[in-house]
Amino acid sequence: MACWLVKSEPSECSIDDFVAAPDRTIPWDGVRNYQARNFMAQMAVGDAVMVYHSSCQHIGVAGIVRVVRAAYPDPTQFNSESPYHDPKSTPEKPRWQAVDLQFERKLPAVIPLQTIKAAPALSDFPLVRRGMRLSVMPVTQAQWQAILALG
DNA sequence: GCCAACGTTGGC
DNA sequence: GCCAACGTTGGC
């Protein structure tokens with residue numbers, strides 16, 4: 001089983017939004033970055049995913065969700081009303097993928113980015129690399145445990 | 001295929 | 001709101 005981390009602004013989608021969602025499940029769509037998309041394509045049902053809150057008061061890892069549907073064409077790319085619309089994408093040759101994520105648990109407290117940055121075991125973690133703006137990234141078993149140990 | 005300009009991300 | 005670091009775009 002693989003592990004991942006996804007970034008989101010809580011004003012867009014927070015860990016609490018998963019609790020309120022039908023089936024506690026939210027389609028993770030709107031990702032428009034090729035590297036992130038390629039990682040999403042590798043996600044399998046059952047994979048664990050950390051939810052990271054960015055650009056907010058409490059920046060850091062806020063909770064854990066699970067992949068309940070593997071990659072499928074992101075419907076928003078075909079919707080001209082959507083801010084994620086991609087006119088260059090067609091249903092025959094979809095460019096972007098979505099996955100469905102289901103609430104697993106909320107961490108007792110957000111594990112702050114600052115704390116993650118300060119952990120020597122996490123110096124190679126993409127999240128803490130300066131300027132790294134990847135919105136979906138793989139997390140190794142060791143990194144996963146190291147992050148949770150900070151909580 | 002190069003590269004300058006531009007837009008976006010995201011911490012501070 | 002600032003700005004550094006990228007990714008993308010488009011002229012050549």
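Excluded from the calculations below are hydrogen atoms, water molecules and symmetry mates; all remaining heavy atoms, backbone and side chain alike, are included. Below, chain A is the first sequence line, B the second, and so on; all start at residue 1.
- Atom-to-atom, CZ of A:Arg129 to P of C:dA5 comes out at 13 Å; the value is rounded to the nearest Å.
- Evaluation of the salt bridge (Lys or Arg N to Asp or Glu O under 4.0 Å) test over residues 30-43 of chain A, restricted to residues two or more places apart or in two chains, returns A:Arg32-A:Asp74.
- Counting only residues at least two apart or on different chains, no ring pair (Phe, Tyr, Trp, His ring centres under 6.0 Å) pair has a member in residues 49-77 of chain A.
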Output a table of nitrogen or oxygen pairs between the protein and nucleotides 10-12 of chain B separated by less than 3.5 Å.
{"from": "B:dG10", "atom 1": "OP1", "to": "A:Lys7", "atom 2": "NZ", "distance (Å)": "3.0"}
{"from": "B:dG10", "atom 1": "OP1", "to": "A:Arg133", "atom 2": "O", "distance (Å)": "3.1"}
{"from": "B:dG11", "atom 1": "OP1", "to": "A:Tyr52", "atom 2": "OH", "distance (Å)": "2.6"}
{"from": "B:dG11", "atom 1": "OP2", "to": "A:Ser55", "atom 2": "N", "distance (Å)": "2.9"}
{"from": "B:dC12", "atom 1": "OP1", "to": "A:Lys117", "atom 2": "NZ", "distance (Å)": "2.7"}

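- Legend: salt bridge (Lys or Arg N to Asp or Glu O under 4.0 Å) pairs involving residues 141-151 of chain A, not counting sequence neighbours: none detected.
- With sequence neighbours left out, the side-chain hydrogen bond (donor to acceptor under 3.5 Å, both in side chains) criterion links A:Gln97 to no other residue.
- Each ring pair (Phe, Tyr, Trp, His ring centres under 6.0 Å) pair with one or both residues in residues 80-124 of chain A, not counting sequence neighbours, appears once here: A:Tyr34-A:Trp96.
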